[in-house]
Amino acid sequence: MAAPRHHDQLNRKARRTQSGQALVEFAAVMLMLFIFVFALIDISRAIYQEQLMTGLSREGSNLASRGTLLIDSANTVVSESSLDLKNNGKVIVTSVMNQGGAYKITGQATAGALSATSKVGTGVGSTAKLPASAAAMIGANQTIYVTEAYYTYQAITPVGQLMSINLPSTLYDAAYF
């Protein structure tokens, strides 16, 4: 009868070891799952906010191309946005004219508190930098309206800081009409 008692002690010890191993494995899997979910939340928010900015920049250029004053277009985009562009963003609406192959800024208006400069150029009368696709849209003595939207992105989970993942701190989008 001594042999079965020895087997019972070994089985109990093995079960305790296995349950401890399962707990460690469960903790490791849950940690990885939480990191994945938090990263997914922050990346999804960044993509969503970038999509909002795409719509906002298109709306600003659309307003300006239909005759709305540049400052009114910029202010409308800022005020109608679900993002806090007034405090954490900036909208720059620029009109650019093709003057014999030279692209000149003919007007520019900004709204929002973020300190960002236009990638098209600054100052009425100065030369504008347009991408080739936008330059192809504008004929001689025609005007194109460019709306640039900047927004400061803030992650809501700490996973980026813990994993040293660098999500963009400032989102940017531009539309050309």
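All residue numbers in this chain count up from 1 along the given sequence.
- Cluster membership check: Tyr48 shares its hydrophobic cluster with Val77, using side-chain heavy-atom separations under 4.5 Å among Ile, Leu, Val, Met, Phe, Trp and Tyr.
- The nearest pair of heavy atoms linking Tyr172 to Glu50 is O-OE2, 3.0 Å.
- Val124 and Met97 sit in two unconnected hydrophobic clusters of ILVMFWY residues. Membership requires side-chain heavy atoms under 4.5 Å apart, directly or through other members.
- The CG atom of Leu85 lies 13.0 Å from the OH atom of Tyr150; values are rounded to the nearest 0.5 Å.
- In plain terms, the two heavy atoms of Ala74 and Val91 that are nearest each other are CA-CG1, 4.1 Å.
- For Ala64 against Ser73, the heavy-atom pair with the smallest separation is N-OG, 3.4 Å.
- Note: Gln21 CD to Leu23 CG = 11.0 Å, rounded to the nearest 0.5 Å.
- We find the OG1-CD1 distance between Thr110 and Ile71 to be 6.0 Å, quoted to the nearest 0.5 Å.
- Counting heavy atoms from C-beta outward, Phe38 and Ile41 have side chains that approach closer than 4.5 Å.
- When all heavy atoms of Ala134 and Leu130 are compared, the closest pair comes out as CB-CB, 4.3 Å.
- Checked against Ser118 for a side chain to side chain donor-acceptor pair (under 3.5 Å), the options Lys90, Lys129, Glu148 give a single hit: Glu148.
- Although no hydrogens or angles enter the test, the distance criterion places a donor-acceptor pair under 3.5 Å between the side chain of Thr68 and the main chain of Leu63.
- With a 4.5 Å cut-off on side-chain heavy atoms, Ile138 and Tyr103 count as touching.
- Proximity of Phe177 to Arg66: side-chain heavy atoms (C-beta onward) are nowhere separated by under 4.5 Å.
- Linking ILVMFWY residues whenever their side-chain heavy atoms come closer than 4.5 Å, directly or via other members, places Leu52 and Val93 in the same cluster.
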*asked:* Using side-chain contact (heavy atoms from CB on, under 4.5 Å), reason through Val96 and Lys104 one step at a time and then give a plain yes or no.
replied: CA-CA 5 Å; Val96 177; Lys104 298 289 183 180; over 6 Å; no
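- The shortest side-chain heavy-atom distance between Val78 and Lys86 falls under the 4.5 Å cut-off.
- Between Gln108 and Leu70, the closest side-chain pair of non-hydrogen atoms is not below 4.5 Å.
- Taking 4.5 Å as the limit, every side-chain heavy atom of Ile92 sits out of range of all side-chain heavy atoms of Thr122.
- Put simply, CD on Gln49 and CG on Asp173 are 13.0 Å apart, with the number rounded to the nearest 0.5 Å.
- Within 6.0 Å of CZ on Arg58 lie no more than 12 heavy atoms contributed by other residues, nucleotides or ligands.
- Here the straight-line distance linking atom CG of Leu171 with atom CG of Asn88 works out to 11.5 Å at 0.5 Å rounding.
- A donor-acceptor contact shorter than 3.5 Å is absent between the side chain of Asn87 and the backbone of Ala113.
- Side-chain contact between Phe36 and Met32 is absent, with no heavy-atom pair separated by less than 4.5 Å.
- No side-chain donor-acceptor contact under 3.5 Å links Thr147 to the backbone of Ala175.
- Going from atom CG of Leu56 over to atom OG of Ser82 covers 7.0 Å, rounded to the nearest 0.5 Å.
- Phe26 and Leu31 end up in the same hydrophobic cluster when Ile, Leu, Val, Met, Phe, Trp and Tyr side chains are linked at under 4.5 Å.
- Scanning all heavy atoms of the two residues, the minimum distance from Ala128 to Ile105 falls at CB-CG1, 3.8 Å.
- Within the 4.5 Å cutoff, side-chain heavy atoms of Tyr153 are placed close to those of Asp42.
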